[in-house]
Amino acid sequence: MNFLKFKNSKLFFESVNIEKLAKKKKTPFYLYSQQQLKHNFDFFKSTFKKLNPIICFSVKSNSNVKLLSYLKKIGAGADVVSMGELLIALKAKIDPKKIVFSGVGKTDEELNFAIKKNILLINAESESELQNLDSIAKKNKKIVSVGLRINPNIKAKTNKKISTGKKDDKFGMSFEKCLKILDNRSTYSNLNFDALSVHIGSQILEVEPFRKTLSALQKFLDKINKIGVYPNYIDLGGGMGIPYNNERQFNLKQYAMLIESFKNKNNVEIIFEPGRFISGNSGILISKIIYIKSSRNKRFVIIDAAMNDLIRPALYGAKHQILPVTKSKITSKISTEFVGPVCETSDSFITYNKYFKIHEGNFVCITNVGAYGRTLASNYNTRPYSEEILINKNSIQTIKQRQSLKSLIE
């Protein structure tokens, strides 16, 4: 179900007329749907109900504490990759025993803090990190649960900048390295090797790379079982993609069947770290057309949202569809490029061969920005962070104020 729909040519998010809201607010602003967020989480949870997994929402995809608090309320834990994200997750009252800490470069301060908070799992990504973690755990007089993040050297069809499971990627360790560590696990007196973790990338739309990953994990489990290692958890990360530009929907039910078969062979608890799949289409970015500039072969639609508000198109070449908040007939068959006001040629969102009739002063909606939208934003060109607003049926609430220029400059 998608809660973003046209009704009699007017674009609505849940029951809110976006144009009416935009006229009352300073653009650009982020707009989230609580009902869409709930629908996505419930669908994910129900699809995997036979597994009863721990669902740790990826905080890097959306770190608004109000949204995290709501996800906690409906059953989510948190996947964090920094001390800041861990603090936000705790502020959202997420149970520490449903928090997993990943990342290749955790500092002593971060590890010490995570240990003191008694979180579920710290996923280690190098032998050096394990040695450091063991030392810090000893100083805290604690036995710490760790996961070994494996790099399975499996290629998934996705943008190379968000691929994390190939041998040349910086994440995780090889199967050979992990086997060596587990063979010498007695040298880590303050660590319990409770989990294996794997995450092969983001925005993956095919099930096959996940099938290969499960197959590789099974072979590794068979090996480590022979040396007396039986992990309590398998952390399968996230990575399931969503349609941005009319792509096919990821087959979550097919993936669930594969994992059910995997779990039946192994006495383990499954952990997921979904982000985009839960929050991606729950957020939109509302912007105003400042100018329309035409040349011989193209017209530029200059909007007040920019790459500092949404960097994914510039960073990844991502294509976020842009909808007019009032639909009209397609009248222009000239190439139409939506661009922002930042002084970079890459501050461009999407180009259409033909587009609806639009005018300066009209509002537009950039879709699917609930993941890696506001969290990747910056103050480039000394532009303030945009307001974030949450819709829940007829309720409209600001969940993060627009940053003032005064506070930014000071």
Side-chain angles (χ1 to χ4, degrees), residues 48 51-58 76-81 86 89-90 94-104 106 110-152 171-199 213-214 216-238 259 262-273:
F48 293 106
L51 299 170
N52 191 28
I54 301 172
I55 304 172
C56 297
F57 177 72
S58 176
D79 158 47
V80 304
V81 294
L86 178 50
L90 293 171
I94 292 174
D95 182 355
K97 288 305 179 185
K98 293 179 78 173
I99 297 178
V100 175
F101 197 159
S102 302
V104 299
K106 306 178 198 73
E110 289 177 318
L111 290 173
N112 189 60
F113 184 77
I115 289 169
K116 289 181 183 299
K117 293 301 178 182
N118 297 311
I119 66 172
L120 173 66
L121 206 61
I122 297 176
N123 283 330
E125 306 210 18
S126 68
E127 194 170 9
S128 294
E129 183 185 350
L130 282 168
Q131 292 167 355
N132 194 31
L133 183 56
D134 187 50
S135 175
I136 297 171
K138 187 175 182 179
K139 290 176 183 177
N140 280 275
K141 298 179 180 179
K142 289 192 176 183
I143 304 298
V144 176
S145 292
V146 299
L148 292 183
R149 174 150 179 191
I150 297 169
N151 184 319
F171 300 95
M173 297 173 280
S174 68
F175 283 114
E176 293 75 19
K177 173 64 74 174
C178 291
L179 181 59
K180 181 182 176 182
I181 288 168
L182 291 173
D183 218 10
N184 295 287
R185 60 193 179 281
S186 61
T187 61
Y188 302 97
S189 57
N190 286 78
L191 303 183
N192 274 340
F193 292 90
D194 281 336
L196 299 178
S197 170
V198 64
H199 177 74
T213 300
L214 288 170
L217 275 173
Q218 185 61 62
K219 291 177 182 177
F220 187 67
L221 278 167
D222 292 340
K223 284 184 179 180
I224 65 174
N225 287 168
K226 290 178 181 178
I227 61 171
V229 178
Y230 299 91
N232 294 316
Y233 303 98
I234 299 294
D235 183 346
L236 292 173
I259 303 174
F262 173 84
K263 187 177 179 181
N264 287 338
K265 296 177 184 176
N266 305 282
N267 184 26
V268 293
E269 193 165 355
I270 301 296
I271 299 172
F272 287 116
E273 300 169 358

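Proximity of F220 to V198: side-chain heavy atoms (C-beta onward) are nowhere separated by under 4.5 Å. In this structure the side chain of L236 reaches within 4.5 angstrom of the side chain of L214, judged on heavy atoms. Residues F175 and K223 fail the side-chain proximity criterion, which asks for heavy atoms closer than 4.5 Å. N190 has its side chain out of reach of V144: every pair of non-hydrogen atoms, C-beta onward, lies at least 4.5 Å apart.
Between the side chains of N151 and E125, no donor N or O sits under 3.5 Å from an acceptor N or O. K142 and N118 are linked by a side-chain donor-acceptor pair at a separation below 3.5 angstrom, with hydrogens and angles left out of the test.
The neighbour count for K138 NZ, taken as heavy atoms of other residues, nucleotides or ligands under 6.0 Å away, does not exceed 12. Atom CG of N52 has 12 or fewer neighbouring heavy atoms from other residues, nucleotides or ligands inside a 6.0 Å radius. By the neighbour-count criterion of 12 heavy atoms within 6.0 Å, atom CG of N267 is sparsely surrounded, having that number or fewer from other residues, nucleotides or ligands.
Nearest heavy-atom pair across K180 and N184 is O-ND2, 2.8 Å. Pairing each heavy atom of F113 with each of L86, the nearest pair is CD2-CD2, 3.5 Å. Nearest approach of V268 to P231, heavy atoms of both residues: CG1-O, 3.3 Å. Heavy atoms only, all atoms of each residue included: L130 and F193 are closest at CD2-CE2, 3.9 Å. Contact record, E273 with S58: O-CB, 3.9 Å, taken as the closest heavy-atom pair. Between T187 and D134, the shortest heavy-atom contact is O-OD2, 4.0 Å.
Partner of I119 under the side chain to side chain contact (heavy atoms under 4.5 Å, CB included) criterion, chosen from D95, I99, L90: I99.
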